[in-house]
> 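Here it is, the structure, as structure tokens.
These values consider heavy atoms only, across backbone and side chains, with no hydrogens, waters or symmetry-generated copies.
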Amino acid sequence: MRLKFLIVLLLGIFFFDKSFSQEPKYYGWDFKVIKIKDHYYLLNQEVFMLKENGEFGENYIYKVEEDTTFVDLAYKLKVSYYELKEANKSVNPFKVEKGTVITIPLKKKLSENFNYNTVYVSLKDKRLYYPIKLEDGDYVITFPVGTGDEEYPTPTGEFAITEKKINPDWIVPPSAKANNPKLPPVVPFGSPENGLGTRALRLNDSSYMIHGTSKRSEKGVGMKISYGCIVLRNEDIERLYDLVDLNTKVIIFE
């Protein structure tokens with residue numbers, strides 16, 4: 001009986017030590033600012049070092065500071081609503097109580113045949129990826145994005161950036177006009193009705209773009225909010241705009 005008790009005790013100590021041998025990594029503990037092409041990024045939040053197999057990042061834990069929702073948390077933590085929802089299935093996304101510990105899912109992997117200086121957009125993760133080579137190694141820049149919904153889906157496939165616009169006017173597409181007949185044919189930059197934000201990258205000379213957003217729609221980034229375009233926060237589209245050239249390849253996938 002004593003021998004059995006001793007074995008159980010030793011096994012308990014072994015597994016206890018094993019499970020607590022590494023401290024949990026809290027969101028933000030290893031962030032630092034780095035500069036890429038005259039813009040600043042947070043390492044391990046907006047830019048990550050790439051491994052040879054395309055893996056990067058890791059999952060963090062975060063203790064909620066006040067009663068909130070995944071919509072507000074996604075905006076605050078710069079992830080997408082769907083990423084939070086998928087990684088924290090036991091949490092009510094519309095009632096996240098103070099003190100709740102959640103996972104911030106930033107461990108990702110690019111496809112094995114990815115190319116540098118190509119824009120990748122995951123409709124599932126609601127996230128954009130841009131692999132890039134820097135002087136000290138290989139990195140990937142990533143931002144949450146808004147996409148189209150079931151009625152106005154974002155197209156998948158391979159595209160190219162055929163136009164770059166600063167402070168763009170919005171030429172209202174038929175889908176938006178049908179949804180809001182009061183819209184004029186063109187909504188000028190600066191109007192609260194102009195959802196293009198401060199930059200726009202046109203894809204294949206079509207009506208589909210990667211663009212910014214209006215101030216009132218910023219919390220929708222990371223959700224299904226557009227008429228099929230890829231939507232970023234203005235601070236993110238401005239940095240992406242300066243990274244990519246005309247004819248840069250864009251691959252949108254499920």
> Taking atom NZ as the centre, does K95 end up with more than 12 heavy-atom neighbours from other residues, nucleotides or ligands that are less than 6.0 angstrom away?
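Atom NZ in K95 is not packed in, count stays at 12 or less.
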
> State which residues pass salt bridge (charged side-chain N to carboxylate O under 4.0 Å, His left out) with K63; sequence neighbours excluded, sorted by chain then number.
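Per chain and number, K63 pairs via salt bridge (charged side-chain N to carboxylate O under 4.0 Å, His left out) with no residue.
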
> Nearest 0.5 Å please: distance from the CD1 atom of I210 over to the CG atom of L128.
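Output value for this atom pair is 6.0 Å.
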
> Answer whether the closest heavy-atom distance between the side chains of V187 and E193 falls below 4.5 Å.
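When only atoms from C-beta onward are counted, E193 and V187 do touch, with a gap below 4.5 Å.
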
> Under the 3.5 angstrom rule, does the side chain of N88 hit a backbone N or O of T103 as a donor-acceptor pair?
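A pair under 3.5 Å: yes.
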
> Quick one, R239 and I141 - any side-chain contact, counting heavy atoms below 4.5 Å?
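R239 vs I141: side chains apart.
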
> Determine whether a donor-acceptor pair (N or O, by modelled atom type, separation under 3.5 Å) exists between the side chain of K177 and the backbone of P181.
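Yes, K177 side chain to P181 backbone: donor-acceptor pair under 3.5 Å.
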
> Check whether any side-chain heavy atom of I132 sits under 4.5 Å from a side-chain heavy atom of D138, and report yes or no.
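No, too far: nothing below the 4.5 Å cut-off.
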
> Check whether more than 12 heavy atoms from other residues, nucleotides or ligands sit under 6.0 Å from atom OH of Y40, and answer yes or no.
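No, not enclosed.
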
> Would you compute the distance between atom CD1 of I102 and atom CG of L73 and round it to the nearest 0.5 angstrom?
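Atom-to-atom, I102:CD1 and L73:CG are 5.0 Å apart.
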
> Quiz question: by atom type and distance under 3.5 Å, do the side chains of S80 and R127 form a donor-acceptor pair?
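R127 and S80 do not have a side-chain donor-acceptor pair below 3.5 Å.
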
> Would you say F143 and V221 make side-chain contact, with heavy atoms under 4.5 Å?
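SC-SC contact between F143 and V221 ruled out.
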
> Could you tell me whether L246 atom CG has more than 12 heavy atoms of other residues or ligands within 6.0 Å of it?
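Count over threshold, so yes.
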
> Which value, rounded to the nearest 0.5 Å, describes the distance between Y139 atom OH and L43 atom CG?
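Between Y139 OH and L43 CG, I get 6.5 Å after rounding to 0.5 Å.
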
> For the CD atom of E135 and the CD1 atom of I36, what is their distance to the nearest 0.5 Å?
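Reported value, rounded in 0.5 Å steps: 11.5 Å.
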
> Please report the interatomic distance OG1(T69) to OH(Y75), rounded to the nearest 0.5 Å.
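Here the rounded value is 13.0 Å.
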
> Any side-chain heavy-atom pair from Y130 and N117 closer than 4.5 angstrom?
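Touching, per the 4.5 Å side-chain cut-off.
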
> Give a yes or no on this: more than 12 heavy atoms of other residues, nucleotides or ligands lie within 6.0 Å of atom CG of D38.
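Counting other residues, nucleotides and ligands, CG of D38 stays at 12 neighbours or fewer.
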
> Going by side-chain heavy atoms closer than 4.5 Å, which hydrophobic residues are tied to Y227, directly or by a chain of links?
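Members other than Y227 - counting any ILVMFWY side chain reachable under 4.5 Å - are Y152.
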
> State, to 0.1 Å, how close P192 and S214 come at their nearest heavy-atom pair, and which atoms those are.
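Heavy atoms of P192 and S214 come nearest at O-CB, 4.2 Å.
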
> Do the ring planes of F56 and F48 sit parallel (below 30°), tilted (30 to 60°) or perpendicular (above 60°)?
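Tilted: the ring planes of F56 and F48 meet at 30° to 60°.
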
> Does a side chain donor of either T162 or D205 reach within less than 3.5 Å of an acceptor in the other side chain?
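Yes - a donor-acceptor pair under 3.5 Å links their side chains.
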
> Is K249 paired with E158 through a side-chain N to carboxylate O contact shorter than 4.0 Å?
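Looking at K249 together with E158, the answer is yes, because their closest N to O distance falls below 4.0 Å.
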
> Measure across F189 and P168 and return the closest heavy-atom pair with its distance rounded to 0.1 Å.
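Result for this residue pair: CB-O, 3.5 Å.
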
> Flag yes if more than 12 heavy atoms outside K164 fall under 6.0 Å of its NZ atom; otherwise flag no.
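Enclosed.
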
> Between E235 and R199, is the closest basic N to carboxylate O distance under 4.0 Å?
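Salt bridge between R199 and E235, a charged N being under 4.0 Å from a carboxylate O: no.
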
> Under a 4.0 Å N-O cut-off, is there an ion pair linking K108 with E83?
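Here K108 pairs with E83 in a salt bridge, since their nearest N and O are under 4.0 Å apart.
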
> What's the separation between atom OH in Y62 and atom CG in L77, rounded to the nearest 0.5 Å?
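Separation between the atoms: 5.5 Å.
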
> Could you tell me if the side chain of N44 sits less than 4.5 Å from the side chain of Y60, heavy atoms only?
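Answer yes - side chains close enough.
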
